[in-house]
Amino acid sequence: MRSFIVDIVSLGVVVRCCVSAAEVDYTQYVNVFQGTISGGNRFPGVVAAPFAMVKLGPDVQSGKKDAYSGYLPDGSIWGFSMMHESGTGGAPKYGVVSQMPALGNVTNPLADLSRGRATADEGQIGYYKSSLSGGIKVELTATEHAGLYQYSFPAGNLSAVVVDVSHVLPSFRGLGWEQHYSKGSFDLFPDGHYEGSGTYNNGWNIAPDWTIHFCGRFEQKPAISKTFRGNGTTPKSYDSTPSVSGPERLGGVFTFRNSSVTSRVGISFTSTTKACQNIKNEIPSGTSFQSLVVKAKSRWNAEVLSKIQVSSTNKTELELLYSSLLGMFLIPSNRTGENPGWNSTEPYYDDVFTLWDTHRCHTSLFQIVQPVSYEEFIRSLIDIWRHDGFMPDARSSNFNGRVQGGSNADNVLADAYVKGVSGAINWEDGFSAMQTDAEKVPPPNNDPRAPDSSTKEGRGALPDCLKYGYITPAFTRAVSRAVEYSTNDFGLHQVAKGLGKAAEAEKYLIRSRNWRNHWNPNATSEGHSGFVVPRWANGSFVPQDPLSCDNSWIYSMNAIHDVALLKQWIGGDERFVDRIDKLFELNIFNAGNEPGFTSPFLYNFVPGMQHRSVERSRNISTRYNGGAGGLPGNSDAGAMESNILWQMIGLWPMTDQTTFLILSPWFPHMTIYLGSDNKLEITTSGGNKDTAFYVQSLKVNGKQWDKAWVAWQDVFANGGTMEFVLGPSPANWATGPPPPSPASGDL
Ligand SMILES: *[C@@H]1O[C@H](CO)[C@@H](O)[C@H](O)[C@H]1NC(C)=O
Ligand SMILES: *[C@@H]1O[C@H](CO)[C@@H](O)[C@H](O)[C@H]1NC(C)=O
Ligand SMILES: *[C@@H]1O[C@H](CO)[C@@H](O)[C@H](O)[C@H]1NC(C)=O
Ligand SMILES: *[C@@H]1O[C@H](CO)[C@@H](O)[C@H](O)[C@H]1NC(C)=O
Ligand SMILES: *[C@@H]1O[C@H](CO)[C@@H](O)[C@H](O)[C@H]1NC(C)=O
Ligand SMILES: *[C@@H]1O[C@H](CO)[C@@H](O)[C@H](O)[C@H]1NC(C)=O
Ligand SMILES: *[C@@H]1O[C@H](CO)[C@@H](O)[C@H](O)[C@H]1NC(C)=O
Ligand SMILES: *[C@@H]1O[C@H](CO)[C@@H](O)[C@H](O)[C@H]1NC(C)=O
Ligand SMILES: *[C@@H]1O[C@H](CO)[C@@H](O)[C@H](O)[C@H]1NC(C)=O
Ligand SMILES: *[C@@H]1O[C@H](CO)[C@@H](O)[C@H](O)[C@H]1NC(C)=O
């Protein structure tokens, strides 16, 4: 394994985390292009540290394709911009604060200046390169709040950089979620630098106007600096006017007599002064490009990649492991100190896309790998409630939205609470924030695509829940919302119980069973009876074929706090196993869709059936690799990546509970560093990942283990060991008590 040395002297800045020369450079295994095609929508550009605010990369146009992260593998590049999302659907967000190189005298900055690529883009952690037609090369690196552009132009011509403030990623889907440029300002300064701001709105979260400030400097003095403005096909003004502002397209053009141009750009949500300060603090004049690349690699190594170490030397597996780890920590964005909405001493994280996706298995691994930012993230969710009234299910551009099902911040908080996350979190406020979700109907946001109730935050269908204990078809997505609200209420139960609020704990435990009110024992499908279906106000079930809507099959398995009861209602162990089998046989299970994530592993609730979960785990794993098409669906802000990481670890988290279902680890030896010198060591012997993966026996912390699950306290709270013996055929090793079903009571 290659090692590298951090050149501390050349950095000119303090290295946050100290990677000694002897340590391994895990970034060598990272493919930043993992999950960038086939709908994965991962962002391959520069993210200098986990959750960095600046995500610097190319914006590509290719017919009417939406470029969610800015990047598409084919098509021409029309700008390199500072802000992006990673692995999202809905509609593109951001793609703002851009620069675009051009050759010669730029006669019309409003014209299409996009350029095809001469070769495919290249990238590593901390580094991105595009080779454009006309012999222009663009190399990018960045810090948390600033970016460094290094342009190489062909000799013998003028070199130009165009800054178009109206640049923002478009959407062609026609769903009303496209972003708009609203207005901007652009100022030229005598020393050749520029400052300004752009205001934009809409996107998937239907956000109002929001503003980003920028400050740009060139290492070479421009020969000519101009501003432009105009909405038509040619500029209304294009000259040395020092300031332009307003609702028209506007910006600046900088022309150089040098084939090499370097630009440093800072951004800030609060002011241009802060944007300039961000450059000064993070990329002072003379900073070497390479030093920032090295620093980004060392931060990712120290803060994320080195947290999970394995014995494998198989490049394919290492690429999948470390590329997936990268993909988990690109968003949200740590915008502490950059919140234009309110002054607070609490941390601030934005770009939450979305807790609906991430609460099942992403946030639990986020806690393990990045405990410090996880605590900050939870505090930020609570602070958003303090100032905006509700925690987000999704949020970007400082605005909550949009909600897909329940109020899943409740699950995120509960999952953290039961695992002892505390630090500076005010849990009384945390519980109040959860109670707001559970009790307060969010004001309507008049979403034309879901007019029945708010899609901004909270639980829109709460009125029905409170009145009937179920949700009628008066609300869209009645069944999926009802089941999610039940899991959310279970989250409230967990936190109330821990805080000693006995009455609330009891109340929300009862409410967590509301999913049962949607259970129609007479609904039949493919030899099975009993499914969650919509229900009218008069109490009758809507006669609906559960297969006509995959939702019924999937959501019938989703009250994971109440599995013992579910199993009984499905008809006992054998029927329960067959029900899970059918999800696969009928092709209902979709490895790329989060509501189905836990179902393949519920076999662990049936004595002697743990090996079936392992088979499913291996099957799901075949859908992943470290390549561009290596995710089975949208990355969904890293939810997809966290799923494969749990398969590799050989455990599956049961959100809101301390339970982890046991699968089968991939590697002879894995160490997970948990902080405070704690670690979990997972070993396998006697078998292998591909052909002899059945668990034969297990020791946990040196003791023989007969349960198909472990609890947080067993192996994560203070670390521990799990020693698996694997073999080529199933063994009936898990003869102990089944995993807990905390809402089912004594059945
Ligand atoms: C400079 O670039 C412009 C625009 O691409 C082009 O029209 C012109 O021919 C180039 N001049 C030279 C000397 O390469
Ligand atoms: C660019 O424009 C300037 C001023 O209009 C002119 O002097 C110069 O010759 C032009 N250069 C090229 C390469 O077209
Ligand atoms: C420029 O066009 C935008 C829409 O693209 C519009 O909102 C704005 O009002 C226009 N500005 C002027 C000054 O015409
Ligand atoms: C071009 O830029 C390089 C790098 O900053 C600098 O060393 C050189 O002096 C510049 N050349 C001209 C002609 O300005
Ligand atoms: C490396 O891992 C891949 C993916 O798990 C597997 O298909 C392949 O057989 C392994 N190669 C070797 C040499 O073990
Ligand atoms: C935050 O505090 C600063 C300094 O007192 C003030 O200028 C600013 O307006 C405040 N921002 C908000 C959103 O209250
Ligand atoms: C989040 O950002 C703030 C401000 O830049 C910083 O102080 C804090 O350490 C960051 N959090 C983490 C976990 O890096
Ligand atoms: C289910 O069907 C049986 C037999 O037709 C009927 O007695 C029972 O009331 C039905 N249950 C529900 C909940 O509709
Ligand atoms: C309940 O209401 C639905 C929808 O209004 C109606 O179709 C159904 O017949 C009603 N059932 C009973 C038993 O009244
Ligand atoms: C995965 O499951 C599907 C559906 O049951 C099956 O067709 C396929 O053969 C399985 N693949 C592997 C590698 O187990």
Side-chain angles (χ1 to χ4, degrees), residues 13-17 47-54 100-109 111-116 132-136 142-146 151 153-162 223 253 255-259 266-270 274 277-278 281-282 295-296 298-300 302-304 307 329-339 344-351 366-367 369-380 383 421 423-424 470 516-524 529-536 538-544 569 675:
V13 281
V14 177
V15 180
R16 245 179 75 107
C17 293
V47 183
F51 306 131
M53 176 166 111
V54 165
M100 181 67 202
L103 280 179
N105 279 325
V106 175
T107 53
N108 182 4
D112 179 3
L113 300 174
S114 68
R115 280 180 183 269
L132 302 176
S133 67
I136 304 175
T143 58
E144 285 167 282
H145 308 96
Y151 299 100
F153 293 91
N157 209 337
L158 294 173
S159 314
V161 172
V162 178
V253 179
T255 309
F256 303 85
R257 290 183 222 289
N258 197 325
S259 60
I267 58 173
S268 170
F269 279 85
T270 60
K274 179 90 185 290
Q277 193 64 44
N278 283 339
N281 292 348
E282 299 180 6
K295 191 179 176 207
S298 85
R299 285 203 59 180
W300 278 96
E303 295 173 37
V304 170
K307 299 285 181 74
F329 297 104
L330 298 172
I331 60 173
S333 301
N334 178 2
R335 299 239 196 95
T336 304
E338 285 288 345
N339 181 359
S344 169
T345 52
E346 289 297 281
Y348 182 61
Y349 283 66
D350 196 4
D351 302 337
F366 177 2
Q367 181 199 345
V369 176
Q370 284 266 280
V372 175
S373 41
Y374 193 62
E375 186 200 316
E376 290 183 358
F377 177 62
I378 301 276
R379 285 165 64 192
S380 164
D383 209 41
V421 177
Y470 59 88
R516 298 176 183 179
N517 298 336
H518 279 274
W519 189 265
N520 180 0
N522 291 346
T524 58
S529 300
F531 289 89
V532 288
V533 297
R535 196 173 181 184
W536 284 303
N538 60 19
S540 300
F541 292 107
V542 177
Q544 168 184 295
W569 279 8

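Ligands are counted one by one from 1 in listed order, and the atoms in each one are counted from 1 as well.
- Near S373, the atoms of ligand 7 lying under 4.0 angstrom from a non-hydrogen atom of the residue are 13 (C).
- Distance check on atom 14 (O) of ligand 8: some protein heavy atom falls below the 4.0 Å cut-off.
- Side-chain atoms of E376 and S373 include no donor-acceptor pair closer than 3.5 Å.
- Protein heavy atom closest to atom 10 (C) of ligand 8, with residue, atom name and distance, is N522 ND2, 2.4 Å.
- In this structure, R335 forms no cation-pi arrangement with Y348, as its terminal cationic atom is not both closer than 6.0 Å to the ring centre and no more than 45° off the ring axis.
- One side chain, E338 or N278, offers a donor N or O that lies under 3.5 Å from an acceptor on the other.
- By the 3.5 Å distance cut-off applied to N or O atoms, E376 is counted among the residues near ligand 7.
- Between F366 and F51, the ring center distance clears the sub-6.0 Å criterion.
- At least one N or O atom of N334, backbone or side chain, sits closer than 3.5 Å to an N or O atom of ligand 7.
- The nearest protein heavy atom to atom 2 (O) of ligand 8 is closer than 4.0 Å.
- In the model, S380 has no side-chain atom that pairs as donor or acceptor with a side-chain atom of E346 under 3.5 Å.
- For ligand 1, the atoms sitting less than 4.0 Å from at least one non-hydrogen atom of G104 are 2 (O), numbered in the order shown with element in parentheses.
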* To do: Would you please test L158 and T255 for side chain to side chain contact (heavy atoms under 4.5 Å, CB included) and show each step?
  => CA-CA 7 Å; L158 294 173; T255 309; 3.9 Å; yes
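- Across the listed options N157, I136, L158, N157 owns the non-hydrogen atom lying nearest to atom 8 (C) of ligand 1.
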* To do: Could you check M100 against I136 for side chain to side chain contact (heavy atoms under 4.5 Å, CB included), going step by step and ending with a plain yes or no?
  => CA-CA 11 Å; M100 181 67 202; I136 304 175; over 6 Å; no
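- There is no protein heavy atom less than 4.0 angstrom from atom 5 (O) of ligand 8.
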